[in-house]
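Here is the structure we will look at.
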Amino acid sequence: MTRAVRKAGMRMIRAHNLTLSLRDGQHRRPVLQGISIHIGRGEWVALTGANGCGKTSLIRTFNGLIPPSGGSLSVAGLDLRSPQNRADVKQQVQLVFQNPEAQTVGSTPFEDIAFGLENRGLDRNLMVTRIHDILQQVGLAHKAEADVASLSGGERQRLAVGCCLALEAGMIIFDEATSMLDPAGRQDILELARQLWRSGTTVLWVTQRMEELAESQRIAVMGDGRLLYDGDPRTLFYASGLPDALGWVPSPVVRIGRLLQRQNWPLHLLPLTEPQLEAML
Amino acid sequence: MRIRAEHLSFHYDGKYAVQDISLNIPAGTLTVLCGVNGSGKSTLLRLLAGLEHPASGNIIHEDTMPADRKVGEAVAMVFQQPETQLFADSVHKDIEYGLTQRGVPKVQRDGIIRSALARTGLPYDEFAGRSPFLLSGGEKRRVCIAGAIASRPGLLILDEPTAGLDPLAAQSLLEMVQELRQSGLTLIIGTHDLDSFLPVADGVIVMKQGAAHYDGPAAALTADPGLLRAAGLTPPAYASLGRRLVERGWLEALPDNLEELLAGLDKQPLPVPQEVSTPAAAHKEPSEGRRSETESPPASGDAPGLSAATIGPASGDAPGLSAATTGPASGDAPGLSAATIGPASEALASMNPQALYGEPATSDHLSIKQAPGRLRWQGLDPRVKWLGMIIGSLTVLGMDTFLPLLLAASLLAGLTVSAGISWRRVFRFFRPFLLMFLFLWLLSGLSWNSPGFSIGPLSFSSAGLQRGGISVLRFLLLIVLGFLFTETTTGAPLREGLEWGIAPLRHLGIRTRNWSLAVSVTLQFVPWILGKLTQLQLALSSRGRRARGLARWSPRQIALIIVPLIILVLGMGDELATAVESRGYDPAKQRTPVYQLAWNKRDTWVALCILTAAGLLWWLSRIS
């Protein structure tokens with residue numbers, strides 16, 4: 001393996017000064033204005049930003065659905081300025097969307113997982129074994145032949161994750177995948193994502209929930225097509241001033257943390273999650 | 001308005017959704033109704049809104065200003081995700097619809113709409129003329145609430161008002177709700193967001209398995225978090241943390257909200273904890289965020305960032321790493337949330353298959369499969385079923401007398417029974433069609449020139465009724481054929497069968513694979529569209545006149561529903577296309593179908609039977 005290949009292999013996403021403008025009537029509207037971000041293989045990054053800040057566009061450029069207008073972007077070592085590479089990267093970087101209803105192509109979980117594998121031209125017997133493995137992995141083995149309409153929102157999102165696994169995606173982007181679920185379903189999908197992350201999958205977790213942000217070790221914040229912050233949660237919530245500037249509603253734990261900060265607690269002791277805070281008390 | 005409910009019960013399919021609930025909600029209060037999905041929360045809200053009728057028990061509305069409004073207008077309800085239920089092309093018209101339905105004179109409407117919009121924080125001049133479909137999520141929700149309060153209800157019911165909103169929009173919606181409460185409106189709010197709503201609630205009802213698990217002030221829930229946990233809910237952060245602080249003697253009394261907790265902590269500063277280890281110890285390439293090679297797998301339920309008990313070194317720490325630094329404590333704190341939510345959530349999710357939609361009443365029964373008859377039908381080659389559907393449709397289209405049509409109808413009814421499809425499912429599927437067809441049939445019988453008989457002011461001709469009856473029945477039978485086919489065939493065989501059939505068209509340059517995929521996906525979404533239709537009907541009926549039976553399918557109702565329905569379908573189509581594309585679908589590439597077509601002897605027999613039956617029916621329709 002040459003050095004160059006290995007180096008490329010270390011990074012899942014390498015964006016440098018990435019720009020994107022989309023046609024909006026007669027004008028071209030700038031959507032992404034110079035984004036530079038590196039995401040290593042096997043990393044967990046949380047991405048946030050207000051609606052319409054360009055999050056979804058950025059994600060769709062990452063998985064090759066939209067070609068970048070300028071700058072450079074390579075995903076899994078492939079330069080996405082080339083259409084062929086964009087087609088290849090679609091499988092490697094998979095998306096789980098917000099609406100659980102709109103992602104199932106098959107009429108049973110079995111068929112839905114099969115759809116992605118069929119497109120890859122896999123051998124039939126191998127495919128059946130693989131489908132059952134994946135259903136097992138996402139906890140839907142007992143519902144393999146159920147009508148997808150009978151699945152709960154959380155189960156449908158698990159199925160969508162299963163489809164990403166069928167394509168052997170190296171990276172999964174969860175685009176506010178829990179925002180339409182109830183607390184139990186939300187916890188369920190978050191836990192599944194963590195499991196995959198622990199087994200080596202790169203995860204980009206897009207969310208507007210403060211609790212989910214605070215649980216991630218690296219947070220990227222977008223605003224108006226730009227990357228406003230890329231770093232750890234403590235600096236973001238307690239030292240950057242950005243949350244107030246953006247008008248965020250801090251989570252209860254962070255509000256308590258800010259009080260402790262005023263009482264001269266050192267930055268690295270300030271709590272981010274409820275269990276962390278409870279453990280300190 | 002004061003609401004009293006006595007021994008309310010309601011069931012779906014013999015199972016209690018709401019069981020013996022008695023409530024007393026004083027006027028001008030804000031009551032929070034919480035419970036996991038499937039606990040009966042949404043059903044209770046709809047019962048209180050008068051959109052469903054209890055199987056037993058009754059609801060008494062004690063209106064303080066009854067002179068002001070008519071019966072049935074006292075309660076307004078806003079559903080989950082109401083933004084999918086906007087109808088008109090301007091905000092003004094959308095709110096006006098409800099007022100028109102309630103017979104408010106035109107001169108009064110402008111003022112009412114103006115004040116309703118103002119109360120929901122939307123200035124009239126800025127918003128009234130805009131299309132509701134182009135507003136932000138939070139603004140759409142305000143329009144829906146404005147529409148609900150425009151009729152000056154005594155009780156406003158909101159189902160998950162903040163779900164799916166970004167934190168800022170959720171926060172300002174919460175403030176708006178408080179203002180409504182201060183203006184004297186009685187509110188009942190179903191929500192999962194206890195952190196936001198418990199502090200502002202006058203009373204809380206916790207539902208568990210269809211019964212009221214707790215009914216009382218919010219303070220008791222803060223004092224005893226076990227009450228919420230027993231119902232499968234997570235207590236708000238200020239409650240669990242406050243309790244801990246009180247136990248340690250750092251806070252004097254249990255806080256009723258986060259502000260109280262913060263004020264208490266401000267008075268009595270917490271000691272800075274001792275650092276457990278040097279910050280450097282746990283760091284491992286934080287910029288890379290990669291897992292360390294030596295890291296032991298975190299305990300299940302442990303999270304990437306949930307470096308729970310890591311007091312010292314957590315900043316910039318690789319996710320999950322901290323488990324190692326804090327052995328026993330991590331099993332305690334993070335395990336807590338995992339233990340309460342993890343296994344319970346699975347059981348709950350399987351309890352209520354339609355958890356997301358919060359609509360257990362409408363669509364969860366459309367999904368039970370696997371009767372023995374069903375399996376027999378599923379075993380057939382899809383090509384036989386395609387043949388049956390096409391030949392059957394052609395034969396039915398060729399019928400223009402009652403005898404063959406009725407024979408075909410009984411044949412299809414027999415087949416439906418043999419396929420093991422439950423009557424309930426059939427009924428739910430056909431209900432919207434039946435009413436619409438009945439309407440069309442009556443319409444076709446209307447006659448002014450040569451009336452045969454008349455009912456009230458309407459005159460009907462029997463010849464017209466007969467002609468109409470035949471075309472309506474013919475159309476209905478076509479739908480039955482389609483229903484039978486899709487009920488007994490899942491997507492993959494359906495697609496493969498079709499692709500086999502239209503394969504010759506490939507030589508003409510037609511992308512047969514695209515077509516078969518499109519057809520199978522579309523058919524799969526017919527039940528989804530019907531489900532959405534029912535939801536929209538319900539939303540419409542909550543806006544004004546309670547249309548029942550036939551009136552629900554009047555052209556006017558349908559015209560109102562069609563816009564939001566088309567928006568839903570288009571949005572769905574767009575998202576599905578993306579899903580198909582990102583799953584590596586490429587019509588030009590080689591594909592290996594997991595389902596393989598296999599023609600058996602049984603298929604030949606069935607094909608012969610289909611042809612014979614079709615031939616006989618065709619012959620009958622020629623001679624009769």
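Both backbone and side-chain heavy atoms feed into the values below; hydrogens, waters and symmetry mates do not. Sequence lines set the chain letters: A, B, ... in the order given, protein chains first and strands last, and positions in each chain run from 1.
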Subject >> chain A contact via Leu261(B) - which portion, at a heavy-atom distance below 4.5 Å >> reply: side chain
Original post:
With chain B, which of Arg209(A), Lys90(A), Gln91(A), Glu111(A) has the greatest number of heavy-atom pairs at distances under 4.5 Å?
Top reply: Glu111(A)
Original post:
Where does Tyr238(B) contact chain A at under 4.5 Å (heavy atoms): side chain, backbone, both or neither?
Top reply: neither
Original post:
Thr207(A) and Glu176(A): side chain to side chain donor-acceptor pair (under 3.5 Å), yes or no, with the steps?
Top reply: CA-CA 5 Å; Thr207(A) 183; Glu176(A) 303 198 32; over 6 Å; no
Original post:
Does one side chain, of Trp250(B) or Gln268(B), offer a donor that lies under 3.5 Å from an acceptor on the other?
Top reply: no
**OP:** Please state whether the side chain, the backbone, both or neither of Ile131(A) comes within less than 4.5 Å of a heavy atom of chain B.
**Re:** side chain
**OP:** Could you check whether the rings of Trp205(A) and Trp44(A) sit parallel, tilted or perpendicular, using 30° and 60° as the cut-offs?
**Re:** parallel
Subject >> Verdict with supporting geometry, Gln98(A) and Asp175(A), side-chain contact (heavy atoms from CB on, under 4.5 Å) >> reply: CA-CA 6 Å; Gln98(A) 188 173 19; Asp175(A) 188 2; 5.9 Å; no
Original post:
So how far is it from Thr191(B) OG1 to Gln80(B) CD, rounded to the nearest 0.5 Å?
Top reply: 9.5 Å
Subject >> Region of Glu160(B) in contact with chain A, defined by heavy-atom distances below 4.5 Å >> reply: neither
Subject >> Taking every non-hydrogen atom, the tightest pair across Gln276(A) and Leu270(A) >> reply: OE1-O, 4.3 Å
Original post:
Is any side-chain heavy atom of Met180(A) less than 4.5 Å from a side-chain heavy atom of Pro100(A)?
Top reply: yes
Original post:
Under a 4.5 Å heavy-atom cutoff, which of Ser240(B), Ala163(B), Ser136(B) has the most pairs with chain A?
Top reply: Ser240(B)
Subject >> Distance, nearest 0.5 Å, that separates CE of Met210(A) from CZ of Phe237(A) >> reply: 5.5 Å
Original post:
Do you know which of Pro252(A), Gly231(A), Ser179(A), Pro271(A) has the most heavy-atom pairs with chain B at a distance under 4.5 angstrom?
Top reply: Pro252(A)
Subject >> Options Gly137(B), Ala237(B), Gly164(B), ranked by heavy-atom pairs under 4.5 Å with chain A, top entry >> reply: Ala237(B)
**OP:** Heavy atoms only, distances under 4.5 angstrom: which of Leu494(B), Leu258(B), Asp193(B) has the most pairs with chain A? Name it, please.
**Re:** Leu258(B)
Original post:
Is a donor on one side and an acceptor on the other found under 3.5 Å between the side chain of Thr578(B) and the backbone of Asp574(B)?
Top reply: yes
Subject >> Contacting moiety of Arg60(A), where chain B heavy atoms sit under 4.5 Å >> reply: side chain
**OP:** Side chain from CB out, backbone as N, CA, C, O: work out which of these in Leu65(A) comes under 4.5 Å of a heavy atom of chain B, or both, or neither.
**Re:** side chain
Original post:
Using non-hydrogen atoms only, which part of Asn125(A) is less than 4.5 Å away from chain B: side chain, backbone, both, or neither?
Top reply: neither
Original post:
If you count heavy-atom pairs under 4.5 Å with chain B, which of Val105(A), Ile39(A), Thr202(A) comes out on top?
Top reply: Val105(A)
Subject >> Ring geometry between His132(A) and Phe110(A) (parallel below 30°, tilted from 30 to 60°, perpendicular above 60°) >> reply: tilted
Subject >> Option in Asp166(B), Val521(B), Leu523(B) with maximal non-hydrogen atom pairs under 4.5 Å from chain A >> reply: Asp166(B)
Original post:
Checking heavy atoms, do the side chain of Asp195(B), its backbone, both or neither come under 4.5 Å from chain A?
Top reply: side chain
